[in-house]
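First up is the structure itself, then whatever we jot down about it.
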Protein chains: 2
Amino acid sequence: MSVKFVTSVQSVKSVKSVQSVKQAPWGKTPLSKTLAHAVVAVLPLLLAAVDSRAAGRTMADVLAASKPSDWRPLDPENTVYMDLPRGRVVIELAPEFAPKHAANIRALARGKYFDGLAIMRSQDNYVVQWGDPDGKKPVGAAHKTLAAEFTRPASGLKFTALPDPDTYAAQTGFVAGFPAARDSAQGSAWLVHCYGMVGAGRDNDVNSGGGAELYVVTGNAPRQLDRNITLVGRVVQGMDILSTMPRGRGAMGFYEKPDERTPITHVRLAADVPDAERAQLEVLKTDTQTFTDLVESRRNRQDEWYKVPAGRIDVCNVPLPVRKAQP
Amino acid sequence: MSVKFVTSVQSVKSVKSVQSVKQAPWGKTPLSKTLAHAVVAVLPLLLAAVDSRAAGRTMADVLAASKPSDWRPLDPENTVYMDLPRGRVVIELAPEFAPKHAANIRALARGKYFDGLAIMRSQDNYVVQWGDPDGKKPVGAAHKTLAAEFTRPASGLKFTALPDPDTYAAQTGFVAGFPAARDSAQGSAWLVHCYGMVGAGRDNDVNSGGGAELYVVTGNAPRQLDRNITLVGRVVQGMDILSTMPRGRGAMGFYEKPDERTPITHVRLAADVPDAERAQLEVLKTDTQTFTDLVESRRNRQDEWYKVPAGRIDVCNVPLPVRKAQP
């Protein structure tokens with residue numbers, strides 16, 4: 001009750017926090033520019049801590065020292081916008097892991113398949129799911145179902161491995177900005193179910209998915225789903241819209257009444273949207289020294305609040321920074 | 001699009017799911033009784049799958065075969081009700097791990113400290129936090145701050161260990177219904193930050209918490225907080241109310257405007273509430289064979305939907321069943 005935090009954005013008075021952090025200073029720029037350039041979404045933590053100790057670097061330090069070449073813009077051919085009444089959700093597709101599903105989702109978006117459909121499921125600590133509640137809308141030039149893309153060969157991937165043990169997989173790490181796992185013995189790799197990951201719903205038949213129904217993880221990483229369903233990408237902006245959807249009261253969190261569903265205004269591929277209407281976002285490349293430094297800053301937290309740094313990190317607790325594109 | 005699910009509760013038509021499950025049959029009772037007795041909250045999954053294979057048992061099988069003695073009612077002296085405009089949140093305190101904090105929260109509730117205060121923070125994929133936004137309300141007979149209760153001796157605890165490796169701790173498991181970890185070398189044990197766990201916010205000083213400001217985990221398990229802050233219990237009902245709080249736009253998810261906060265109607269100890277107004281809940285004991293069987297049913301999922309059972313489970317992915325008290 002006694003410590004006051006002074007931040008550059010707002011005054012947060014006299015509150016105890018889970019984490020006693022200050023607003024991260026993104027370089028020594030004027031406030032307006034700082035805000036314009038600020039990281040707009042970092043999973044799983046929005047804001048980084050300020051290092052007040054000499055030794056070690058915080059995530060804020062690491063990001064402040066990043067080079068422009070550490071970042072890449074989202075590829076418009078692999079970026080999907082889902083516009084909802086409360087705002088836009090930006091999804092990056094993962095064609096290295098699910099090329100057929102990515103192509104199909106492109107075709108579905110171009111055919112305006114999702115427009116007017118709905119978010120029809122919100123199960124607490126699990127997933128939010130959207131698609132056609134009636135299952136009758138034609139998919140046009142897209143495929144209704146596709147062969148599963150649960151895993152792929154590990155070879156040919158630029159895999160940034162984490163040093164720490166994982167409960168579920170032999171090794172975890174990152175590929176092209178996505179959380180992933182691999183098994184050297186089997187020679188296979190796969191995307192993993194972290195918060196914000198997007199997948200293609202299926203029935204009991206493994207080849208019954210395809211992307212016409214999608215889900216996003218909104219709870220603790222349901223890693224038991226790994227290798228059982230096709231992950232197609234991740235939400236890079238707008239998780240706050242999806243994660244706060246009222247939970248459905250029906251089985252598995254489905255809404256019981258049609259008017260409880262959230263209508264989907266439309267889904268578009270970024271490449272099909274005029275440049276001025278695109279979300280201008282960059283993501284931190286995960287095959288850079290900056291990202292490796294960021295992981296280390298999170299394995300051993302340096303801000304004064306932490307007394308027992310974990311010394312380890314779970315693949316789903318590593319932030320994947322996103323920021324507004326630099327002019 | 002082609003497979004229809006027939007459930008005993010509702011008709012979910014023609015939808016593909018992340019998990020193709022049916023309504024779990026809680027014994028062969030009439031529907032109305034089944035619903036009345038249904039497990040009302042299971043973290044992290046609300047509904048269990050129906051086993052359609054002969055081999056192995058699903059969670060539904062295990063729970064249906066449970067004995068009355070496998071369950072215990074919530075202790076009114078360790079149960080806190082937080083009544084919000086949208087409903088009641090039920091929190092079970094963990095006096096084995098945080099006895100001083102539990103006693104202080106009892107004193108705060110009895111002194112009506114929280115009444116009229118507010119939920120003032122909601123950070124996506126992290127925590128929701130409540131307390132006194134102004135930090136000025138007297139705590140009455142309670143303590144303003146307490147010595148940290150981050151860990152305790154491992155001896156003297158009935159620890160049901162999980163067989164699987166954990167990224168953060170030497171061993172994880174459950175004590176008296178709470179997810180926990182222990183380190184035999186150090187002889188210490190602690191509660192772990194899973195979804196739904198409740199803790200006492202603090203400033204940089206480890207002894208600056210006490211329970212007048214509390215937080216609940218609403219995202220992927222932030223295990224880096226383990227042993228850095230005092231966990232005091234867990235939410236056994238009402239997570240859907242807390243987890244869908246609109247995210248705050250300020251630093252760390254604090255609401256920027258007072259009217260964005262959710263007012264706390266009141267917080268009461270169950271023991272101080274007339275019996276008729278109490279939430280009649282039972283939780284599955286975690287030191288029973290039934291719980292061990294449940295863990296196994298989740299380590300190797302038996303329902304037809306799963307093709308590659310994980311064979312392992314993370315401590316934060318084990319459901320902790322709660323049901324209405326049996327008459």
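Note that these values count all heavy atoms, side chains included, but never hydrogens, waters or copies made by symmetry. Here is how names work: the chains are called A, B, and so on, in the same order as the sequence lines, proteins then strands, and each is numbered from 1.
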Can you say whether A:I241 sits under 4.5 Å from chain B via the side chain, the backbone, both, or neither, judging by heavy atoms? neither
Are the side chains of B:W305 and A:L225 in touch, meaning some heavy atoms are under 4.5 Å apart? yes
Between the main-chain N or O of B:D314 and the side-chain N or O of A:Y168, is there a donor-acceptor pair closer than 3.5 Å? yes
B:N220 vs A:C316 side-chain heavy atoms within contact, under 4.5 Å: yes
Counting only non-hydrogen atoms closer than 4.5 Å, does B:L214 touch chain A with its backbone (N, CA, C, O), its side chain (CB onward), both, or neither? neither
Determine the minimum heavy-atom distance between A:R247 and B:S243, stating which atoms define it. NH2-OG, 3.0 Å
Output for pair (B:Y126 OH, A:Y195 OH), nearest 0.5 Å, gives 14.0 Å
B:N228 CG to A:R301 CZ distance, which is reported to the nearest 0.5 Å: 9.5 Å
Is there a side-chain contact between B:R298 and A:Q224, using heavy atoms and a 4.5 Å cut-off? no
What part of B:D164 gets closer than 4.5 Å to chain A, counting heavy atoms only: side chain, backbone, both or neither? side chain
Using modelled atom types and a 3.5 Å cut-off, is there a donor and acceptor pairing between side-chain atoms of A:R227 and backbone atoms of B:V308? no
Is there a donor-acceptor pair closer than 3.5 Å between any side-chain N or O of A:T167 and the backbone N or O of B:P165? yes
Check B:M245 against A:T244 and note the closest heavy-atom contact, atom names and distance. O-CG2, 3.5 Å
Distance-only, no hydrogens or angles: does the B:N317 side chain make a donor-acceptor pair with backbone N or O of A:A221 under 3.5 Å? yes
Can you name the closest pair of heavy atoms from A:D166 and B:R312 and give their distance? O-NH1, 4.2 Å
Do B:D240 and A:R249 come within less than 4.5 Å of each other through their side chains, counting heavy atoms only? yes
Any A:N204 side-chain heavy atom under 4.5 Å of B:Y306 side chain: no
